[in-house]
2 protein chains.
Amino acid sequence: MPSDPAKTLQVCNCLALRQAARHVTQFYDQCLAPTGLRTTQFSILAKLKRLGPMTINALARELVMDRTTLGRTMLPLERDGLISIEDGKADRRSKELHLTKEGADRLRAAGRLWSEAQTQFEAAFGGERAAKLRDELRALVSSDLGTWLDADKNRRPSTRAAP
Amino acid sequence: MPSDPAKTLQVCNCLALRQAARHVTQFYDQCLAPTGLRTTQFSILAKLKRLGPMTINALARELVMDRTTLGRTMLPLERDGLISIEDGKADRRSKELHLTKEGADRLRAAGRLWSEAQTQFEAAFGGERAAKLRDELRALVSSDLGTWLDADKNRRPSTRAAP
DNA sequence: TGACAATATGCGTATATGCGCGCATATTAC
DNA sequence: GTAATATGCGCGCATATACGCATATTGTCA
């Protein structure tokens with residue numbers, strides 16, 4: 001049933017997603033390049049702008065990123081003064097990420113270029129089509145996919161599995 | 001026109017793609033983990049199996065990867081004896097990547113796990129739906145998106161731009 | 001045949017990604 | 001009120017990603 005190595009690459013959902021992500025990321029990154037921001041960094045700043053100061057964990061969940069990934073990815077942003085890191089008030093273990101004035105300025109500048117990228121993208125691919133694609137991708141992110149083999153990590157809030 | 005930082009993250013095609021790619025990659029990677037292969041490595045081996053020995057450039061194009069990325073990503077595979085690197089026959093600048101016996105064995109084992117991942121994925125997301133999504137993602141990869149600002153890199157084969 | 005453009009790669013640098021482990025603090029159970 | 005457990009982070013390790021520059025060949029055309 002499985003075998004058939006010939007078709008594997010043509011039907012692999014993961015490969016299709018990664019290839020598309022690489023292709024599109026390069027495009028957006030090139031558009032944002034004049035501001036010195038990558039799309040990942042842009043999305044971090046935008047989230048902070050939108051939701052205000054947040055802890056690493058909370059922001060990582062928002063961005064569908066691994067906690068440790070965000071913990072490192074934000075370092076260049078702090079180094080460049082676009083965000084600041086303060087101790088968590090309620091929980092002293094946590095750290096709050098704040099968008100600085102410089103960060104907001106940079107975000108504003110990048111936003112203009114992002115908008116152009118978005119426009120070009122939808123001119124090439126279709127606005128309706130892009131919207132539908134985003135819907136599917138969002139649904140995908142929300143889907144479970146299973147593999148609770150090792151369990152624990154990022155476990156669902158409730159619905160504990162076995163006794 | 002652009003502004004509206006509120007909606008940016010909800011409509012960004014690039015962010016949607018990257019988040020979905022991260023989510024799905026983690027799933028497939030977990031499924032393949034028992035074989036010690038990542039999905040990226042799996043796709044490299046599968047391509048070599050399917051198309052036979054290839055140069056770095058050719059394989060990179062096939063996989064929609066950056067040339068330099070593949071150049072590094074393949075090193076662990078060579079180190080582990082899953083591929084071998086031989087000098088190009090016709091062109092001494094090039095290197096041919098070969099799938100070794102070990103590589104083929106590992107690929108076969110991984111293929112079984114990949115198949116399970118694929119099945120679980122489509123059980124959760126829908127087989128038809130997944131097929132449609134892949135079609136859209138492939139179309140996306142084929143689309144131009146413009147931004148030929150700096151030009152050159154990975155330039156289209158023909159249609160040289162300006163004199 | 002001798003420049004010269006084009007092509008195939010490598011390398012340095014930098015960010016992106018995520019796992020496992022360990023530490024500190026918080027929360028809950030008894 | 002302390003022990004067990006859960007949570008928030010950092011770090012070491014390893015791969016993934018890609019840009020710019022440097023180098024080695026190859027192909028071409030005057």
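What you are looking at is a predicted structure, and each value in this text was computed from that prediction instead of being measured. Letters go in sequence order (proteins before strands), and every chain restarts at 1.
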Rounded to whole angstrom units, what separation is found between the [atom1] atom of [X] and the [atom2] atom of [N]?
X: B:Glu86; N: C:dT9; atom1: CD; atom2: P; answer: 14 Å
X: A:Leu59; N: D:dT7; atom1: CG; atom2: C1'; answer: 17 Å
X: A:Arg61; N: C:dG18; atom1: CZ; atom2: C1'; answer: 17 Å
X: A:Met65; N: D:dA16; atom1: CE; atom2: C1'; answer: 14 Å
X: A:Phe42; N: C:dT15; atom1: CZ; atom2: C1'; answer: 18 Å
X: B:Leu32; N: D:dA16; atom1: CG; atom2: P; answer: 12 Å
X: B:Leu15; N: C:dA16; atom1: CG; atom2: P; answer: 13 Å
X: A:Ile56; N: D:dC9; atom1: CD1; atom2: C1'; answer: 6 Å

Any residue meeting salt bridge (charged side-chain N to carboxylate O under 4.0 Å, His left out) with [X], in chain and number order, not counting sequence neighbours:
X: A:Arg61; value: none
X: B:Glu116; value: none
X: B:Arg72; value: none
X: A:Arg106; value: none

Results of side chain to side chain donor-acceptor pair (under 3.5 Å) for B:Asp91 - residues two or more places apart only
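Checked B:Asp91 against side chain to side chain donor-acceptor pair (under 3.5 Å); matches are B:Arg93.
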Quick test of your reading of the model: are B:Asp135 and B:Lys132 salt-bridged, counting only N-O distances below 4.0 Å?
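A salt bridge is absent here (no side-chain N lies under 4.0 Å from a carboxylate O).
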Considering heavy-atom distances to DNA chain D, does A:Thr25 or A:Lys95 have its closest nucleotide positioned more toward the 5' end?
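First, find each residue's nearest nucleotide; the 5'-ward one identifies A:Lys95.
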First encountered from the 5' end of DNA chain D, between A:Glu96 and A:Arg22:
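Its nearest nucleotide being more 5', the pick is A:Glu96.
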Quick check on D:dA18: is either OP1 or OP2 less than 4.0 Å from any side-chain nitrogen or oxygen of A:Gln26?
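A:Gln26 to D:dA18 OP1/OP2: side-chain N or O found under 4.0 Å.
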Reading 5' to 3' through nucleotides 22-27 of chain C, protein heavy-atom contacts under 4.0 Å coded B for base, S for sugar-phosphate only, - for none
--BBS-
So [X], base contact, sugar-phosphate only, or nothing? Heavy-atom distance under 4.0 Å.
X: B:Thr68; value: base
X: A:Thr40; value: sugar-phosphate
X: B:Thr55; value: sugar-phosphate
X: B:Thr69; value: base

Between C:dA8, D:dA18, D:dG10, which nucleotide has the shortest distance from any of its atoms to the side chain of B:Asp66?
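That would be D:dA18.
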A:Asn57 side chain: which of C:dT17, D:dC9, C:dG10 is closest?
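The answer is D:dC9.
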In residues 70-79 of chain B, what residues come within less than 4.0 Å of DNA chain D, judged by heavy atoms?
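The stretch gives B:Arg72, B:Thr73, B:Pro76, B:Arg79 as the residues lying under 4.0 Å from the strand, ordered by number.
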Closest approach of B:Leu140 and A:Ala20, non-hydrogen atoms and distance?
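Distance-wise, the nearest heavy atoms are CD2-CB, 4.4 Å.
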Minimum heavy-atom separation for B:Met54 to B:Gly52, with atom names?
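The pair with the smallest heavy-atom distance is CG-O, 3.0 Å.
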Could you give all pairs that pass the ring-ring contact (aromatic ring centres under 6.0 Å, His included) test and reach residues 115-137 of chain A, with sequence neighbours left out?
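Applying ring-ring contact (aromatic ring centres under 6.0 Å, His included) to every pair that reaches into residues 115-137 of chain A, excluding sequence neighbours, yields A:Phe121-A:Phe125.
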Could you tell me which residues satisfy side-chain contact (heavy atoms from CB on, under 4.5 Å) with A:Arg67, sequence neighbours excluded, listed by chain and number?
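Result, side-chain contact (heavy atoms from CB on, under 4.5 Å) vs A:Arg67: A:Ile56, A:Asn57.
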